[in-house]
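Here's the structure we're looking at; comments come further down.
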Amino acid sequence: MSKPAIPQGTRDFSPDVVRKRRYILDTLKGIFELYGFQPLETPAMENLTTLTGKYGEEGDRLIFKILNNGLHEIKKEEDKVKLSAEWDKVLSKSYSSPVVTERALRYDLTIPFARYVAMNQNDIAFPFRRYQMQPVWRADRPQKGRYREFWQCDADVVGSTSLINEAELLCIYSQAFTLLGLPVAIKINSRKLLQGLSEICGHPDKMMDITIAMDKLDKIGWSGVATELHNRGIDEAGTALLQKAIEITGTNDEKLAAYDTLMETSASGKAGVEEIRKSLEYYTSLWDGAGDTITANVDISLARGLNYYTGVIVEVICTHPDVKMGSIGGGGRYDDLTGLFGLKGLSGVGVSFGVDRIYDIMDELRLFPQQVSVSAKAIILNFGGENELYALDVLKLCRAAGVAAEIYPDAAKFDKQMKYANKRGVAYVLLPGDEERQTNSVSIKNFVTGEQKKMTIADAIDMLRG
RNA sequence: GAGGCUGUAGCUCAGUAGGUUAGAGCAUCAGAUUGUGGUUCUGAGGGUCGAGGGUUCGAAACCCUUCAGCCUCCCCA
């Protein structure tokens, strides 16, 4: 008999954890709805062909593939031979064979959303604003803050190129993290600006290399980035230019002005600067954030991994000094996402919340409100015999009055029932025994103060509601 | 894909110059205490020491293999 266990990188969520996670999810849902976004849910699994090639080479390797079974019966002898031949290759992750696997677990929420939009384009009123909160799966190696099953909460708008959308999403981030009480910084950049950077330093084809290297600035410093750039084939003149760009400091406006000058010869770069400027302008108008702990900073070293972004990109990190955690949210604009599914010319922009990381941080910093953890308000003790039926009457009245209550189902020893109530952390214990039953009353004990009183059932229920 | 650390009771962990019957705390159950919880005291149950092989008179400990978990890099949320 093997020890009970769950798969690597997955977790059980105990009652208290579920309540806290729901607090985050409910907060986000409320904001999404407030901003006019509509809910969407898609299947846990997608056709493998829907997912492959959308997340880059690395991403493809991390897709959890589902074995063909249930629906398939291999009849032809030649297919059986092929199956065993393909098996090992499929396990290597970088190869797929429809004989072995045709479906896969959802890797993110954006691609399934794009697929949905392409499939339902005739019924959707554009611009379409949707939010989605569901688990996703990645065959990654788990480590701190990284799981193989985790939740994403996405909000996207498709069918509009207006930068007001970018600003709205920045507001959503600001409002969400203000409500949750997390101090964060939103980094904002543009793929066009990064493209411009690669152009002016003479390597227009190396945008990804430059971006990946620059993204490590926080971790390895400029000297590390310079080494990385050299290894990726960027010459010294180009590196010097990048250093100049990275060392630009000041307010967002000052930085953008400096970038604009720097991008004089790059139309793409100039367009990038302008879209960041405009997005921030809308954001400032829309977000009333006086005194909050949210900052939005232009950051030219921000990369974002997914290769479908084409415009503004954003990332959120927690700025609390005790928190060592990667990004807790990110997003950006993708000009032609649905084009991959045959619907051309539809631009989208979206953001994602990393709920699991947000949970980890909030738990560490004890940011969950106390009342999130409470369960049933009262436990009714069971004295057996006639008192048992009397207890059920009391229970019925509690619930009818909207008071969450439960009865101890067995007429166990008093001591045992009290200990159970204590462990459950209820606010009150009701004691309907002989004495109470005969006077049509109930004793109610406040489990925090220890104070106990006998009163009518109606009075007790009033106390529980107050 | 590369590297590091750790596997002993349900949980957290002690336990090496190899030596009778492998320990503690917490948790569980019972009792002190049959209508008063949190505190305390007493007692009980629970372990093929991750698995397989080797060295040895003797292995939880030393060696090899393997599996699992955690962490770092890569990449990402």
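Residue numbers begin at 1 in each chain, while the letters A, B, ... track the order of the sequences.
- To the nearest angstrom, C1' of C76(B) lies 15 Å from CG of L109(A).
- Of the candidates D156(A), V157(A), V158(A), D156(A) is the only one forming a side chain to side chain contact (heavy atoms under 4.5 Å, CB included) with R130(A).
- Put simply, CG on L62(A) is 15 Å from P on C74(B), counting in whole angstrom units.
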TODO: Verify side chain to side chain contact (heavy atoms under 4.5 Å, CB included) between R232(A) and I210(A), making sure each step is shown before the conclusion.
DONE: CA-CA 8 Å; R232(A) 288 174 182 268; I210(A) 292 170; over 6 Å; no

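- Nucleotides G52(B) and A59(B) are separated by 15 Å at their C1' atoms, to the nearest Å.
- Checked by atom type and distance alone, the side chain of K396(A) never pairs as donor or acceptor with a backbone atom of V394(A) at under 3.5 Å.
- The separation between D360(A) atom CG and C76(B) atom C1' is 15 Å, rounded to whole Å.
- Without hydrogens or angle criteria, S268(A) side chain to K192(A) main chain gives a donor-acceptor distance under 3.5 Å.
- Taking atom C1' on both C63(B) and U20(B), the two are 26 Å apart, rounded to the nearest angstrom.
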Task: Derivation and outcome, side chain to side chain contact (heavy atoms under 4.5 Å, CB included), residues L302(A) and I313(A) - done: CA-CA 8 Å; L302(A) 172 65; I313(A) 49 178; 4.3 Å; yes

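- For residues 424-437 of chain A, the set of pairs meeting the salt bridge (charged side-chain N to carboxylate O under 4.0 Å, His left out) definition, not counting sequence neighbours, comprises E386(A)-R437(A), E406(A)-R424(A), D434(A)-R437(A), E435(A)-K454(A).
- Shown here are the side chain to side chain contact (heavy atoms under 4.5 Å, CB included) partners of M463(A), two or more places apart in sequence or in another chain: Y428(A), I444(A), M455(A).
- When each of Q152(A) and K423(A) is assigned the nucleotide of RNA chain B with its nearest heavy atom, K423(A) is the one assigned upstream, toward the 5' end.
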Task: Pair assignment for RNA chain B - dot-bracket with | for other-strand partners, Watson-Crick or G-U under 3.5 Å - done: (((((((..((((.....[...)))).(((((.......))))).....(((((..]....))))))))))))....

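- Across all strands, S352(A) comes closer than 4.0 Å to no nucleic acid atom at all (heavy-atom distances).
- Taking atom OH on Y309(A) and atom P on C76(B), their separation rounds to 11 Å, with Å as the unit.
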Open item on the list: I need a per-nucleotide contact map over nucleotides 67-73 of chain B, read 5' to 3'. Cutoff is protein heavy atoms under 4.0 Å; write B for the base, S for backbone only, - otherwise.
Closed with: --SSBSB

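- Here C76(B) presents its C1' atom at 18 Å from CH2 of W137(A), a figure rounded to the nearest Å.
- Within the structure, a side-chain polar atom (N or O) of K216(A) is placed less than 4.0 Å from OP1 or OP2 of C75(B).
- Taking atom CD1 on I63(A) and atom P on C75(B), their separation rounds to 18 Å, with Å as the unit.
- Rounding to whole angstrom units, CD of residue E315(A) and C1' of A77(B) are separated by 9 Å.
- Residue L381(A) is out of contact with every strand shown, counting any heavy-atom pair closer than 4.0 Å.
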Open item on the list: Base contacts versus sugar-phosphate-only contacts with protein, heavy atoms under 4.0 Å: please encode nucleotides 34-43 of chain B as B, S and - from 5' to 3'.
Closed with: -BBBS-----

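- If you check distances only, the side chain of R138(A) never reaches the base of C75(B) with a donor-acceptor pair under 3.5 Å.
- Atom CD1 of I328(A) is separated from atom C1' of C76(B) by 15 Å (rounded to the nearest Å).
- Residues F414(A) and F383(A) place their aromatic rings such that the two centres sit under 6.0 Å apart.
- For the P atoms, the distance from A68(B) to A27(B) is 34 Å, rounded to whole Å.
- As rounded to the nearest Å, G7(B) and A51(B) have P atoms that lie 14 Å from one another.
- When the P atom is compared between G37(B) and G45(B), the two are found 27 Å apart, to the nearest whole Å.
- Here the separation of A17(B) from C13(B), taken at their P atoms, is 23 Å to the nearest Å.
- Among the heavy atoms of the strands, none lies under 4.0 Å from F353(A).
- No salt bridge links R138(A) with D108(A); every basic N to acidic carboxylate O contact stays at or beyond 4.0 Å.
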Listed pairs under 3.5 Å, donor-acceptor, residues 28-45 of chain A side chains, sequence neighbours left out:
from, atom 1, to, atom 2, distance (Å)
E33(A), OE2, Y131(A), OH, 2.5
Y35(A), OH, Q175(A), OE1, 2.8
T42(A), OG1, Q132(A), NE2, 3.0

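- Between V18(A) and Y23(A) the shortest side-chain heavy-atom distance does not fall below 4.5 Å.
- Relative ring orientation between Y408(A) and Y420(A) is described as perpendicular, the plane-to-plane angle rising above 60° on a 0-90° scale split at 30° and 60°.
- Between the side chain of D299(A) and the backbone N or O of K187(A), no donor-acceptor pair lies under 3.5 Å.
- Taking atom C1' in both C70(B) and A30(B), the straight-line distance is 38 Å, to the nearest Å.
- Taking atom C1' in both C29(B) and A9(B), one finds a spacing of 15 Å when rounded to whole Å.
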